[in-house]
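Below is one structure; the comments refer to it alone.
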Amino acid sequence: MLFDILTIFPGFFSSPLQDGLLSKAIQKDLIQVRPINLRDFTHDRHNTVDDRPYGGGEGMVMKPEPIYEALETLRTEPPAPYVVLLSPRGRLFHQEMAHEWAGLERLLIVCGRYEGIDERVARFVDTEVSIGDYVLFGGEAAALVILEAVARLIPGVLGCETSSQRDSFSDGLLESPCYTRPPDFLGQRVPEVLLSGDHARIARWRREQSLLVTLQRRPDLLKSIELSETDREFLEMLGWSCDT
Ligand code: ADE
């Protein structure tokens, strides 16, 4: 899968692309990542990508022309990209989007900077996305988040495919706690069930722990997932009610 990242800071991506599983995925040719300098699509002496806001106000706004020209140029290369504009005003990015996008051949991520992007750019992108309800300096860190979330779902990128199936959110719940050696750490013992070798009991315990931690930390998630009768009984025992 090809990831194009349109940015005024292509150097931002150097280190993340050279380390860890992203670099391995690139070496194995499972993904290609191209940071593309937006300033290459300007025509003035100063390579200007921003201007003052109409109507007054603080900060600068990203001009539409360089982004438009970059998108038009990049779209001439096949395969056609799915174009994502990053901004805190976008729809909230989530795991389901990551799964959908992992099936694409090409994702083109446009990083915003300054106080905002000229609204007329919106017509030339497929979607506008935010990674959370907070404001970053720009879209670069958000682009990395999306790159990682999507890349790890591409077959072959993680050594073990089942590990992404066990992730938090993959079934709509947070992940159950995990442990490794030693069995006793400063008086905290690994739950006995995990040492039992009884796979059915372990699976049941993990499911219950997932339900418990989700109820404690993200009860909102319980509203949007399918719960079995056993799940409901367990949650009701913990004081949960489906109409809360
Ligand atoms: N740019 C600035 N803040 C952002 C956010 N929360 N998500 C995506 N892009 C951004």
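Everything numeric in this text was worked out from a predicted model, so none of it was measured. Ligands are counted one by one from 1 in listed order, and the atoms in each one are counted from 1 as well. No hydrogens, no waters, no symmetry mates; every other heavy atom, side chains included, goes into these values.
- Using a 4.0 Å cut-off between charged nitrogen and carboxylate oxygen, Arg89 and Glu119 count as a salt-bridge pair.
- The main-chain N or O of Val83 is found under 3.5 Å from a side-chain atom of Asp126 such that the two form a donor-acceptor pair.
- Residue pairs meeting the side-chain hydrogen bond (donor to acceptor under 3.5 Å, both in side chains) criterion with at least one member in residues 90-104, sequence neighbours excluded, are Arg91-Thr127.
- One finds the CG atom of Leu212 at 13.0 Å from the CZ atom of Arg207 (value rounded to the nearest 0.5 Å).
- Protein residues lining ligand 1, listed by chain and number: Leu86, Ser87, Pro88, Val129, Ser130, Ile131, Gly132, Tyr134, Val135, Leu136, Gly138, Gly139, Ala142 [non-hydrogen atoms, distance under 4.0 Å].
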Could you check Lys63 against Glu69 for salt bridge (Lys or Arg N to Asp or Glu O under 4.0 Å), going step by step and ending with a plain yes or no?
CA-CA 11 Å; Lys63 289 164 67 57; Glu69 191 174 317; over 6 Å; no
Walk me through whether Arg113 and Glu140 qualify under salt bridge (Lys or Arg N to Asp or Glu O under 4.0 Å).
CA-CA 9 Å; Arg113 276 267 150 184; Glu140 282 74 12; 2.9 Å; yes
